[in-house]
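Note sheet for the following structure.
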2 protein chains.
Amino acid sequence: MKIMPSNPADLSAQIAQSIRDAILAGRLLVGERLPSESELAEQFSVSRPTVREALKRLAAQNLIRTQRGATGGAFVNHLSYEEAHNQQITTSTLLLSMNAISFDVACEARYALERACAPLSAQRRTDAHLKSLRAEIGTQSEPDLPDEAFCASDVAFHRALVDAAGNPVLSYQLAGAVEAMQPLMNMITFTARSRVRIIGLHSQIADALERSDAAATDASLLRLESYTRDLGRDVLAARAKG
Amino acid sequence: MKIMPSNPADLSAQIAQSIRDAILAGRLLVGERLPSESELAEQFSVSRPTVREALKRLAAQNLIRTQRGATGGAFVNHLSYEEAHNQQITTSTLLLSMNAISFDVACEARYALERACAPLSAQRRTDAHLKSLRAEIGTQSEPDLPDEAFCASDVAFHRALVDAAGNPVLSYQLAGAVEAMQPLMNMITFTARSRVRIIGLHSQIADALERSDAAATDASLLRLESYTRDLGRDVLAARAKG
DNA sequence: GATTTTCATATGTCTTACAATTAGGATTTG
DNA sequence: CAAATCCTAATTGTAAGACATATGAAAATC
């Protein structure tokens, strides 16, 4: 009969949670300096190593950053989109790799999310976004481009598409999802023929965005989704046989 | 001239990264036991406290779990959707609170994401999903329901809507986004009149899902988005005045 | 006044020790 | 012989103290 949602033990975890709560509740503001490790140790009535373990936990979540020296210490970190984004990619990548997600399910999720911002992108895309999209299409057209570079450019293309929506929250959420899928995408070998098709669809998307045509953008994305999922099925079927 | 993408210092961070890489690369499989802290200390030529700090970093990311006792140690954790989900909520919540995201931008992102899975939900919803949705509508209809409970039920409603899409990757991504917005939603006071309107729109959504009518689901969601954003604008405007 | 030196303070790391927990084997007991 | 008990070894959790190192600021010096 030991249920305990989370063991009451682990002082360092408790302390970390306590400080985390203080940050979430606004009792510790961004940029503010935490008490020194010795002071924290005294406050919580634990030893300094225990406090340090707690601080490392928070540092691993980018909640605090530490600085050495006379005026050093632990400071409440300003969580940037960049950092949050990286964390999300790490988590999502692990999740996908550990839960045997099928290519098909992941693909469906990815394109559903992307199509969510297609209307916004069509409405708000700037010339800079169009230029990025065209540049990636150019990269993808290079002959002798390795599969991984092709996939990376594909990710960059879709990242630009998402960014064109001009909503940073959306970009943060979607870019994480798209990038986490890259390892799965890398498993697919893109033949010359399939590349031509994908590039064609990418061009359709770019054209539709240029015209600010939301419906056409969505339709092109749908075609790309359908084609990508077919491709994935074929590759997996071939692998199962051969 | 001290650029250094990331300080070469911080042994515990290096060790954590090293182990993290091993897990990502598959050199350490799920469930596998890491060497004991003493052995790790020897392998990396550092002291045990340093190793422990590294392990705490990994534990904070749910990458490992530790167990005491004779056969204890650190084990590579199976990252569940649940854990990944919680992490994402924590990160997203912090991100939103620290970056002064406007209610409007967050709302736009949230509904864009939700509308992404509306067609899938309309297609795949089960009776159980419908029952959950109706139950939440019932909760929301209770008189004297505090604002926070109303918001919580709102989150649960949208969570059920997302789950109805039957894609766990999508659920993981979206539920995080929706729940992270709850603190922002809680800032809004819902009048009796606005509740009636929201409940009406929720009913429209449930009805459309029951009919498996994707277009109607999307249209209802769009109306709900529009109304919610109007409401947010009004509340903020009133707050600015009074 | 500008430069160098010193110093105080804080984190980073090591060492050693002990407490707590747990599995499995040894021992005792019925 | 079987079962319950105890013991032991291994491992994490925590503590205390020491030294190393970095860094900003004050003090001394030119």
Side-chain angles (χ1 to χ4, degrees), chain A residues 1-20 22-23 28 31-77, chain B residues 1-20 22-23 28 31-77:
Chain A
M1 273 300 262
K2 52 175 84 173
I3 309 163
M4 296 278 186
S6 65
N7 288 341
D10 243 326
L11 286 178
S12 70
Q14 284 178 45
I15 294 168
Q17 188 59 50
S18 175
I19 297 174
R20 198 181 351 254
I23 295 175
L28 284 170
E32 198 168 338
R33 181 181 170 281
L34 273 66
S36 73
E37 295 176 352
S38 311
E39 287 173 307
L40 286 173
E42 199 171 351
Q43 280 182 32
F44 287 102
S45 304
V46 298
S47 67
R48 195 160 81 95
T50 302
V51 168
R52 283 182 61 79
E53 287 178 9
L55 293 180
K56 294 312 168 198
R57 293 180 116 108
L58 299 175
Q61 298 181 310
N62 278 314
L63 273 161
I64 61 168
R65 104 196 83 91
T66 58
Q67 202 177 347
R68 289 172 71 164
T71 59
F75 298 84
V76 178
N77 203 11
Chain B
M1 271 303 261
K2 52 176 81 172
I3 308 166
M4 295 277 186
S6 66
N7 287 342
D10 243 325
L11 286 178
S12 71
Q14 284 179 43
I15 293 168
Q17 189 59 50
S18 175
I19 297 175
R20 197 179 354 255
I23 295 175
L28 283 170
E32 197 168 340
R33 182 181 171 282
L34 273 67
S36 74
E37 295 178 352
S38 311
E39 287 174 307
L40 285 173
E42 200 172 351
Q43 281 182 30
F44 287 103
S45 305
V46 297
S47 68
R48 194 159 82 93
T50 301
V51 167
R52 282 182 61 78
E53 286 178 10
L55 293 180
K56 293 311 169 197
R57 294 180 116 108
L58 299 175
Q61 298 181 310
N62 278 313
L63 273 161
I64 61 170
R65 105 195 82 91
T66 58
Q67 204 176 347
R68 289 171 72 164
T71 59
F75 298 84
V76 178
N77 204 9

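Proteins come first, then strands; the chains are lettered A, B, ... in the order of their sequence lines, and each starts at number 1.
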Rounded to the nearest angstrom, tell me the gap between atom CZ in A:Arg65 and atom C1' in D:dA22.
17 Å
Exercise answer: donor-acceptor pairs, residues 40-48 of chain A side-chain atoms, under 3.5 Å, sequence neighbours excluded:
residue : atom : partner : partner atom : Å
A:Ser47 : OG   : A:Thr50 : OG1          : 3.2
A:Arg48 : NH1  : A:Glu37 : OE1          : 2.4

Evaluate side chain to side chain contact (heavy atoms under 4.5 Å, CB included) for B:Asp10 paired with A:Lys56, printing each intermediate quantity in order.
CA-CA 11 Å; B:Asp10 243 325; A:Lys56 294 312 168 198; 4.3 Å; yes
Derivation and outcome, side chain to side chain contact (heavy atoms under 4.5 Å, CB included), residues B:Arg57 and A:Arg57
CA-CA 5 Å; B:Arg57 294 180 116 108; A:Arg57 293 180 116 108; over 6 Å; no
Contacts of type side chain to side chain contact (heavy atoms under 4.5 Å, CB included), residue B:Ala22, not counting sequence neighbours:
B:Arg27, B:Leu28
Tell me the interatomic distance from A:Leu40, atom CG, to D:dT14, atom C1', rounded to whole angstroms.
17 Å
Nucleotides 10-18 of chain C: protein proximity per nucleotide (B base, S sugar-phosphate only, - neither; heavy atom, under 4.0 Å)
SBBBBB-B-
Smallest heavy-atom separation, B:Arg33 atom then B:Gly73 atom, equals NE-CA, 4.2 Å
